[in-house]
Enquirer: 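Provided herewith is a single structure, encoded as structure tokens, for subsequent inquiry.
The sequence lines fix the lettering, A, B, ..., with proteins before strands; numbering per chain opens at 1.
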There are 2 protein chains.
Amino acid sequence: MTDLTIASVNETRWLDETQQQAWRSFLGGTTVLMDRLDRDLRSEHGLSMSEYEILVRLSEAPDRSIRMADLAAALSHSRSRITHTISRLERDGIVLRTQCGTDGRGVTAVLTDRGFELLATAAHTHVRGVREYLIDQCSAEDLAATQRVMDAIQAAIGGRTF
Amino acid sequence: MTDLTIASVNETRWLDETQQQAWRSFLGGTTVLMDRLDRDLRSEHGLSMSEYEILVRLSEAPDRSIRMADLAAALSHSRSRITHTISRLERDGIVLRTQCGTDGRGVTAVLTDRGFELLATAAHTHVRGVREYLIDQCSAEDLAATQRVMDAIQAAIGGRTF
DNA sequence: AGTACTTGATTGAAAGTTCAACCATGTGCT
DNA sequence: AGCACATGGTTGAACTTTCAATCAAGTACT
């Protein structure tokens with residue numbers, strides 16, 4: 001700690017050509033992929049990617065229900081965003097809000113049967129996209145390497161700070 | 001073409017455990033990374049990631065200027081989004097709009113000196129983030145593999161369809 | 001020249017996200 | 001009990017993105 005010079009703290013190490021290209025590809029690839037998956041889901045089922053992700057989490061949870069704050073943490077969304085999104089989904093009969101039994105402050109979102117059916121249908125579109133655009137486009141080794149990179153990123157950044 | 005059965009067209013091949021995990025990591029990693037880079041840029045320089053990307057492109061272009069449509073294509077944004085974003089940047093004195101000489105319809109955005117200086121400052125933050133969260137977190141081989149995957153995605157999806 | 005069609009860009013409204021302020025409930029300390 | 005403080009969730013306003021409609025200018029074909 002005391003050995004750090006001002007220079008070592010302030011100096012910016014720029015990216016070399018290779019790194020720069022890797023970063024551009026990363027940026028371009030994720031943008032294009034997310035955008036396309038979102039678009040497919042929207043046009044075929046009227047669901048956005050983030051709505052879809054919420055439904056997936058709920059469908060896997062016990063009683064198909066998760067508390068708002070846990071949902072927010074799992075998806076790296078703000079509490080506020082979850083509130084608004086769940087409100088829209090509730091308006092459309094896809095989820096339901098219930099009071100949490102053990103914690104007076106808590107609200108848990110529950111997937112309705114209608115919501116489950118919508119998810120079951122939309123999943124075809126989503127999985128087809130993930131396969132067609134990502135999984136079928138690269139070797140298993142490269143996919144595994146990509147996964148290592150993604151996991152490292154998440155480890156480096158850790159939980160969200162609000 | 002004529003050999004395809006209905007089944008081969010309609011049947012959904014679900015993801016196995018490994019693929020599913022890879023996809024979850026992908027989703028989580030990109031979400032967390034983009035979110036963090038955006039947040040850093042915003043809090044330190046009042047710039048969003050997409051605004052920053054526009055400035056980068058402009059700064060590298062001849063005369064530090066690019067036509068609106070080309071900017072939209074390069075960043076996979078809609079024309080409308082570029083119009084609105086450039087309007088905000090123009091209001092803040094970061095870019096300028098000029099008529100394109102050769103095409104009466106065209107408008108080209110130009111980076112101002114003020115905009116260039118802002119970019120030069122913000123670049124430190126951005127590059128530090130890319131290094132800290134991504135490049136320093138993985139091996140060069142895994143980064144190269146990730147780049148191959150990203151390039152394959154872009155090739156598979158190709159240009160945006162509006 | 002005149003017609004239809006495409007491309008470039010903007011506009012305004014609707015939808016979604018963020019941010020700060022707020023209220024209610026739980027937790028810990030004295 | 002009473003206090004401060006942290007946590008869970010909502011709200012409304014500001015901001016950003018999307019979508020459909022519009023206008024202007026280029027291109028192609030007759």
Side-chain angles (χ1 to χ4, degrees), chain A residues 31-32 34-43 45-54 65-92 94-110 159-162, chain B residues 31 34-43 46-54 65-92 94-110 159-162:
Chain A
T31 303
V32 151
M34 296 312 175
D35 199 72
R36 178 60 184 262
L37 291 175
D38 190 76
R39 206 161 283 276
D40 289 351
L41 230 34
R42 255 180 228 282
S43 66
H45 309 280
L47 268 183
S48 70
M49 253 311 261
S50 46
E51 289 167 336
Y52 178 84
E53 282 183 76
I54 289 179
S65 62
I66 305 183
R67 283 187 58 172
M68 303 293 276
D70 296 342
L71 217 37
L75 299 175
S76 305
H77 290 174
S78 66
R79 286 185 212 289
S80 175
R81 183 173 173 183
I82 292 292
T83 295
H84 287 304
T85 307
I86 290 291
S87 297
R88 288 188 300 267
L89 291 173
E90 191 174 30
R91 164 172 54 68
D92 297 342
I94 293 167
V95 303
L96 225 55
R97 253 183 255 248
T98 62
Q99 272 306 120
C100 172
T102 63
D103 187 339
R105 300 163 298 179
V107 172
T108 68
V110 191
R160 213 171 145 99
T161 15
F162 277 110
Chain B
T31 303
M34 295 312 174
D35 199 72
R36 179 58 185 263
L37 291 175
D38 189 75
R39 205 160 283 275
D40 290 350
L41 231 33
R42 255 181 229 281
S43 66
L47 267 184
S48 70
M49 252 314 258
S50 46
E51 289 167 337
Y52 178 83
E53 282 183 76
I54 289 178
S65 61
I66 304 183
R67 284 187 57 173
M68 303 292 276
D70 296 341
L71 216 38
L75 299 175
S76 304
H77 290 174
S78 67
R79 286 185 210 293
S80 175
R81 182 173 173 182
I82 292 292
T83 295
H84 287 305
T85 308
I86 290 292
S87 297
R88 288 190 300 264
L89 291 173
E90 191 174 30
R91 163 172 54 70
D92 298 342
I94 292 167
V95 303
L96 225 55
R97 254 184 255 247
T98 62
Q99 273 305 123
C100 171
T102 62
D103 187 340
R105 300 164 300 181
V107 172
T108 71
V110 192
R160 214 171 143 102
T161 15
F162 278 112

Enquirer: Would you mind reading off the bend of the helix from C:dA1-D:dT30 to C:dT30-D:dA1 from its two end axes, five pairs each, to 10 degrees?
Expert: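 Rounded value for the end-axis angle: 30°.
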
Enquirer: Distance check, rounded to the nearest 0.5 Å: B:Met68 atom CE versus B:Leu71 atom CG?
Expert: 7.0 Å

Enquirer: Mind calculating the distance between CG (B:Asp35) and P (C:dC19) to the nearest angstrom?
Expert: 9 Å

Enquirer: Starting at CZ of A:Arg67, measure out to OG1 of A:Thr98 and round the result to the nearest 0.5 Å.
Expert: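 Going from the CZ atom of A:Arg67 to the OG1 atom of A:Thr98 covers 10.5 Å.
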
Enquirer: What is the separation between atom CD on B:Glu90 and atom P on C:dT11, rounded to the nearest whole Å?
Expert: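 In whole Å, C:dT11 P lies 11 Å from B:Glu90 CD.
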
Enquirer: Go nucleotide by nucleotide along DNA chain C from the 5' end; which of A:Arg91 and B:Arg42 gets its closest nucleotide reached first?
Expert: A:Arg91

Enquirer: Does the side chain of B:Leu89 come within less than 4.5 Å of B:Glu51's, by heavy atoms?
Expert: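 Yes; the side chains approach each other to less than 4.5 Å.
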
Enquirer: Is any side-chain heavy atom of B:Asp38 less than 4.5 Å from a side-chain heavy atom of B:Ser48?
Expert: yes

Enquirer: Would you say B:Arg88 places a side-chain N or O within less than 4.0 Å of OP1 or OP2 belonging to D:dT17?
Expert: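 It does, given that an N or O in the side chain of B:Arg88 lies less than 4.0 Å from OP1 or OP2 of D:dT17.
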
Enquirer: Below the 4.0 Å mark, does D:dT17 have OP1 or OP2 next to a side-chain nitrogen or oxygen of B:Ser50?
Expert: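 Yes, because at least one side-chain N or O of B:Ser50 sits under 4.0 Å from OP1 or OP2 of D:dT17.
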
Enquirer: May I ask you to check whether A:Ser65 and A:Thr108 show a side-chain donor-acceptor distance below 3.5 Å?
Expert: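 The answer is no; no qualifying pair exists.
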
Enquirer: Whole angstrom is fine here: how far is it from CG in A:Asp92 over to C1' in C:dG16?
Expert: 14 Å

Enquirer: Could you give the distance from CZ (A:Arg81) to CG (A:Leu75), rounded to the nearest 0.5 Å?
Expert: 8.5 Å

Enquirer: Is it the case that A:Ser87 and A:Arg97 place a side-chain donor and acceptor less than 3.5 Å from each other?
Expert: yes

Enquirer: What's the CD-P distance between B:Gln99 and C:dA9, to the nearest Å?
Expert: 9 Å

Enquirer: Give a yes or no on whether a salt bridge exists between A:Arg88 and A:Asp92, defined as a side-chain N under 4.0 angstrom from a carboxylate O.
Expert: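 Judged by the 4.0 Å cut-off on N to carboxylate O distance, A:Arg88 and A:Asp92 do not form a salt bridge.
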
Enquirer: Show, in sequence, the C-alpha distance, side-chain angles and deciding distance for A:Val95 and A:Val110, and conclude whether the side-chain contact (heavy atoms from CB on, under 4.5 Å) test is met.
Expert: CA-CA 5 Å; A:Val95 303; A:Val110 191; over 6 Å; no

Enquirer: Atom pairs under 3.5 Å, N or O on each side, protein against nucleotides 7-14 of chain D: can you list them with distances?
Expert:
from: D:dT7; atom 1: O2; to: A:Arg105; atom 2: NH1; distance (Å): 2.9
from: D:dG8; atom 1: OP2; to: A:Arg79; atom 2: NH2; distance (Å): 3.1
from: D:dG8; atom 1: O3'; to: A:Arg67; atom 2: NH2; distance (Å): 3.1
from: D:dG9; atom 1: OP1; to: A:Val107; atom 2: N; distance (Å): 2.8
from: D:dG9; atom 1: OP1; to: A:Val107; atom 2: O; distance (Å): 2.9
from: D:dG9; atom 1: OP2; to: A:Ala69; atom 2: N; distance (Å): 2.5
from: D:dT10; atom 1: OP1; to: A:Arg97; atom 2: NH1; distance (Å): 2.6
from: D:dT10; atom 1: OP2; to: A:Thr83; atom 2: OG1; distance (Å): 2.8
from: D:dT10; atom 1: OP2; to: A:Arg97; atom 2: NH1; distance (Å): 3.3
from: D:dT11; atom 1: O4; to: A:Ser80; atom 2: OG; distance (Å): 3.1
from: D:dG12; atom 1: O6; to: A:His84; atom 2: NE2; distance (Å): 3.1

Enquirer: Is any side-chain N or O of B:Arg81 closer than 4.0 Å to OP1 or OP2 of D:dT16?
Expert: no

Enquirer: Please give, in whole Å, the distance from C:dG8 P to B:Leu71 CG?
Expert: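 Going from CG in B:Leu71 over to P in C:dG8 covers 13 Å.
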
Enquirer: Just call it for B:Ser48: base, sugar-phosphate, or nothing, with non-hydrogen atoms closer than 4.0 Å on any strand.
Expert: nothing

Enquirer: Rounded to whole angstroms, how far apart are CE on A:Met49 and P on C:dT17?
Expert: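 Taking atom P of C:dT17 as the reference, CE of A:Met49 is at 13 Å.
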
